[in-house]
Amino acid sequence: MQTHKAKQVAITIEAPMERRLRAAIEEAGVTGYSILPVLGGSGRSGPWSAEGQVGLAGGMVQVSCIIRPDRLDGLLESVFSVVERHIGVVTVTDCDVLRAERF
Amino acid sequence: MQTHKAKQVAITIEAPMERRLRAAIEEAGVTGYSILPVLGGSGRSGPWSAEGQVGLAGGMVQVSCIIRPDRLDGLLESVFSVVERHIGVVTVTDCDVLRAERF
Amino acid sequence: MQTHKAKQVAITIEAPMERRLRAAIEEAGVTGYSILPVLGGSGRSGPWSAEGQVGLAGGMVQVSCIIRPDRLDGLLESVFSVVERHIGVVTVTDCDVLRAERF
Amino acid sequence: MDGFLSLAASNLGSPLILSFVLGVVAALGRSDLVFPEAAAKALSIYLLFAIGMKGGVSVAEHGIDLRLGTSVLTGVILSAAMPLVAFWLLQIMTRLDRVNAAAVSAHYGSISIVTFVAGTSVLESAGMTSDGFMVAVAAAMEAPAILSALWLISRGGSGATVDADLWREILLNGSIVLLVGAFAIGMIVGKEGMAEIESFFVAPFKGALCLFLLDMGLVAGRGLRRSRDVLTPGLLAFGLLMPLIGGMAGAMGGLLIGLPTGSLFLMMILAASASYIAVPAAMRVAVPEADPGIYLTLSLGITFPFNLTLGLPIYLAIARAISGG
Amino acid sequence: MDGFLSLAASNLGSPLILSFVLGVVAALGRSDLVFPEAAAKALSIYLLFAIGMKGGVSVAEHGIDLRLGTSVLTGVILSAAMPLVAFWLLQIMTRLDRVNAAAVSAHYGSISIVTFVAGTSVLESAGMTSDGFMVAVAAAMEAPAILSALWLISRGGSGATVDADLWREILLNGSIVLLVGAFAIGMIVGKEGMAEIESFFVAPFKGALCLFLLDMGLVAGRGLRRSRDVLTPGLLAFGLLMPLIGGMAGAMGGLLIGLPTGSLFLMMILAASASYIAVPAAMRVAVPEADPGIYLTLSLGITFPFNLTLGLPIYLAIARAISGG
Amino acid sequence: MDGFLSLAASNLGSPLILSFVLGVVAALGRSDLVFPEAAAKALSIYLLFAIGMKGGVSVAEHGIDLRLGTSVLTGVILSAAMPLVAFWLLQIMTRLDRVNAAAVSAHYGSISIVTFVAGTSVLESAGMTSDGFMVAVAAAMEAPAILSALWLISRGGSGATVDADLWREILLNGSIVLLVGAFAIGMIVGKEGMAEIESFFVAPFKGALCLFLLDMGLVAGRGLRRSRDVLTPGLLAFGLLMPLIGGMAGAMGGLLIGLPTGSLFLMMILAASASYIAVPAAMRVAVPEADPGIYLTLSLGITFPFNLTLGLPIYLAIARAISGG
Ligand SMILES: Nc1ncnc2c1ncn2[C@@H]1O[C@H](COP(=O)(O)O)[C@@H](O)[C@H]1O
Ligand SMILES: Nc1ncnc2c1ncn2[C@@H]1O[C@H](COP(=O)(O)O)[C@@H](O)[C@H]1O
Ligand SMILES: Nc1ncnc2c1ncn2[C@@H]1O[C@H](COP(=O)(O)O)[C@@H](O)[C@H]1O
Ligand code: NA
Ligand code: NA
Ligand code: NA
């Protein structure tokens, strides 16, 4: 099937920052993204787990955007302004997409 | 360690379509896949969130298949027949797998 | 924006093995990983679903590590010693990361 | 009128409605208050099971009677026929295309079980009774509307087809299975069997419903915030008019078969209310072209709050007036 | 026989069993009815906590007595010994290899707390009492069977080893900690402390158990649908025979230490029931080669429903007959 | 002293505290016992809604009185002022930098609603009453401390700014909205409206709180296990001293405005307790440089258990002594 080159940007960020990250993504002109739950993990700030937690403070989410390659820089800059002072991981992966007209 | 080339196909699709997508994947001869929850997101049909939802209609799931590269076309065609009329995103990424005999 | 080459290792493994896998990852000197829930799936051992389950035995989780490429072999070896006898899938994907100093 | 005003006031001042309002306000004010999805689903299972079982127990008490059959039949006819009315109205009042109009009308033929449950608790507060089998009527009314809507669409030449899988999904969807299953359990165990479990299923019911309505308010408010632009004046008017028409249709059906006041009221509610769980899921599968922003906003954002706040006292006043109750 | 038939009928007609049956039927009919995982886990925490606490309170009431010790010991011996019997039976009746046979037998030595709980509520309905310490016996019987099974496997030369981590996981697994912890809390707070919280832990208990059994029915039904091919006649026969053998072993153990009817009945249930939570998790870690499709289908799909529906009245009739209760 | 010892003993022996202890012990022993996140959140919604509504109903009963206003004002002043005290103490007692010290002090100015709820249930057990409006005081004390802390940080030249979004998040955070909303609902529906739902919100409350405290114990224990190294003797001392200072400040404020014993006790608890839900979330957004390992360990791992076990009886004894209650 016909596929098209795209980039997948995955941002793992603290849950209380989700709203701001979404705003930043939309500001970069990207309207498509999905949010995946993260159950726990470990990093420089130590291990954590969502289990039994009530507050947002403890948790993280992963925001994944599939974009056209030419939008990458704009998106990363916008995202960076949010994650800059915060913990979190940003990865970019090459991928192919079906139905590229959607992006 | 010894790894082998493979493709990861990730399909984000509405929850009510999950059963049909699984059937399509299996029809393409692929028996290995995992289903990840999606908490929310945004796209051409606007933003959504699973929070507080009771019905399936609102939510989406992500189905991820790791396959041998030569199975890609068959899988994509089968998947496309399901997602064609529906909202959803299909990406293909190159990856390497351990224990390739399993795929 | 400035990005750096990295590897994303994703390990889908049975929930009862999670603790051991985390230990193995940390033994390989990798301290950063995230754990994502898996709702269900299918493989050589048949289809399964987390829905309505009480015990750990039925479920799986996906552990995702972003690492510097030179750490890949160490990590894979350590991970392999855990997944060897167990069901589960290990994939490696090339990616770029922001803020590489963190890895 | 006086009776209606006091009914309306007591309804609006009930903890159920206030909880719903709190949810709507919190969502519109963009509070970060949210219900976990799992908790909302668990609550809905609890409510469906409880309401189904109570209905079954009450039927076991009073014996099955012919009216069960005629009531279910009336419900099925209402559910199948109302989409045609709604479709026609939508074509007059709005600019929706055929597919979207049909999808919306499926929702109005089908029912909202939470509105039904809120109605039973209005009855209770008013010290009135109703027939237990109305739960079975509710279950029977979920699906027929979907078929009418799909027929409307296919008549327009669009390819909405119902395969065996979709049939099963529609007829065996979770809420129908729970309602009917719990109804059957209630009929089998009767009042005695219920006694052992009523401190779980009966006493705390209304409080649990408060929390569920809080969640529904949050979801409805969030939906409204997101889909404001969708709401043309025509759609809004439809969302307020259609439940009244449905209510009247329900009243006529109920009168025809001689339902007593309480059950008549519930029949009106079933006809007046619009689905926001089962039908949307079926539409996503069978008619993906239809915009969920339209049908969900209408049924959950407009008609549901309307029924809950003003509709219930209106329908009760009417039911009393016409049945002489 | 007459007593048994009426017991069986009243058991089969109880809301608990009917809820389970509803779940099985819904799953076999492929309804989309599902319980959220979080809700199932929360319910199980509630049930374990409640049953543990009730046991503790009852022990506080009646004082600790020597029989607590002898009963726990009997339970431990039964749990450790039954896997040997099961293993031997499996080698006669089925073609399972050593590893799978050992894994299955671990499940039958261990216990199903839900079956136990259902048993206590059968006792209640029958107006009978039992010793609070039977909860401690239940907790004590979870783990020994695992060790017997691992020993069976290692004797066969396969490398199933139990490291310190696994030891801790087995002995401190959530359900043991909850049962024992809540038991201790119950002993400390006694009847008075319990009074403040019994409208949460006691009154709604049976209703909550209904919902949990509905979920168990869904899970068991789904499992059966998926693993039909696994079920050879030999395995099926084992899944129905082994609980009866276990029940008789429990009865003998209980008689030996002089348990009164109610507790004897519970001891039979513990011995007759098979684990489907703690043991499977341990097996996945220690014996990944064993096929969960076999042991889960047997314990959850065959033995659990059998015990719940027919087993309970059978064991109660036997307990009454042999203890003269 | 005698009174205190018996209070302390009865508090430590209550099912609430024992449940918490069980959670801590299970977590420290690395049991795999966990609460699903969704269940913990659902429980917290239930508890907040119930406590808010009960407060509102009680205010509806006794009429709004001037003391509501003065109490809320006192609470706001305490919440805003205590971070300054805490900050000063932290600079004396520990080596925390300005940002971390300010972040910690925000937690101590704000409140822990669970500690408050545990306090109301201590009052109940002691047969004492309190003013319903103390719930409003609790809600009012959540946020001011955050602003004081941010002001402390910005004075130090660091760029912690509060944009409109963060303002809304702080003031409309879920727990404030629930508390205030349910309080308003309680005031509107009054005792009569509450009667219909109290078998959900009142009777099972304490039992539900047990499970929630079990979860809090698990989370606190896990946090302690992970952050042991963070805890210098200075921090530990602060975590035990600060609640006592806060409690005394609360006592003085309460005495000044003439609160009766029960409410005085609750005011002391509010001042003594430290936030671990709302404030941490705000800190992650506004002051990401601050280490959550420090402030969460202190407030949830040290101060919360201290208040729950020893603090409550201490505060009650003091409240009684100084108010002559
Ligand atoms: N290398 C990594 N790979 C995957 N996830 C990571 C990695 N580093 C950090 N994370 C996630 O991001 C969270 C915060 O990381 P950190 O800022 O390093 O404390 C961790 O708890 C993980 O959930
Ligand atoms: N570019 C994208 N990247 C990631 N997820 C997307 C993207 N576009 C759409 N999605 C997901 O798919 C859903 C439906 O998309 P759409 O069909 O564009 O409305 C969205 O709500 C997202 O969850
Ligand atoms: N090819 C695959 N792609 C994605 N997930 C897989 C694949 N194979 C197996 N899995 C996941 O791993 C689980 C166990 O696989 P298996 O060991 O093949 O039974 C499955 O149930 C899936 O969740
Ligand atoms: Na309707
Ligand atoms: Na057993
Ligand atoms: Na405070």
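In what follows, every chain begins at residue 1, and chains take the letters A, B, ... in the order their sequences are listed.
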* CG (E/Leu73) with more than 12 external heavy atoms under 6.0 Å ->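 Buried by this count: over 12 neighbours within 6.0 Å.
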* Structure fact -> Most heavy-atom pairs under 4.5 Å with chain F, out of E/Pro204, E/Gly181, E/Ser175, belong to E/Gly181
* Asked: Who among E/Asn173, E/Ile176, E/Ile188 has the most heavy-atom pairs with chain F under 4.5 Å?
  ->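 It is E/Asn173.
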* With a 4.5 angstrom heavy-atom cut-off, could you sort out which part of F/Val21 is near chain E: side chain, backbone, both or neither? => neither
* Please state whether the side chain, the backbone, both or neither of F/Leu22 comes within less than 4.5 Å of a heavy atom of chain E. => side chain
* Can you say whether E/Ala182 sits under 4.5 Å from chain F via the side chain, the backbone, both, or neither, judging by heavy atoms? ->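 It is the backbone, since no side chain atom gets that close.
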* What are the two closest heavy atoms between F/Ala38 and E/Ala38, and how far apart are they? ->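 That would be CB-CB, 3.8 Å.
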* To do: Mind ranking F/Ser10, F/Ala26, F/Ser19, F/Ser125 by heavy-atom pairs under 4.5 Å with chain E and telling me who comes out on top?
  =>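 Most pairs with chain E among the choices: F/Ser19.
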* Who wins among F/Ala42, F/Ala203, F/Ala40 for the most heavy-atom pairs under 4.5 Å with chain E? ->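 Most heavy-atom pairs within the cutoff with chain E belong to F/Ala203.
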* Asked: Are any non-hydrogen side-chain atoms of F/Leu211 and E/Phe201 less than 4.5 angstrom apart?
  -> yes
* Would you check if F/Leu214 and E/Leu178 make a side-chain contact, meaning some heavy-atom pair closer than 4.5 Å? => yes
With rounding to the nearest 0.5 Å, note down the distance linking [atom1] in [X] to [atom2] in [Y].
| X | Y | atom1 | atom2 | answer |
| --- | --- | --- | --- | --- |
| E/Met187 | F/Leu18 | CE | CG | 12.5 Å |
| E/Ile197 | F/Leu209 | CD1 | CG | 10.0 Å |
| E/Lys41 | F/Leu33 | NZ | CG | 11.5 Å |

* Asked: Between F/Asp32 and E/Gly174, is there a donor-acceptor pair closer than 3.5 Å when you use the side chain of the first and the backbone of the second?
  ->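 Judged by distance alone, yes, a pair lies under 3.5 Å.
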* **Any donor-acceptor N/O pair, F/Ser31 side chain to E/Val177 backbone, under 3.5 Å** => no
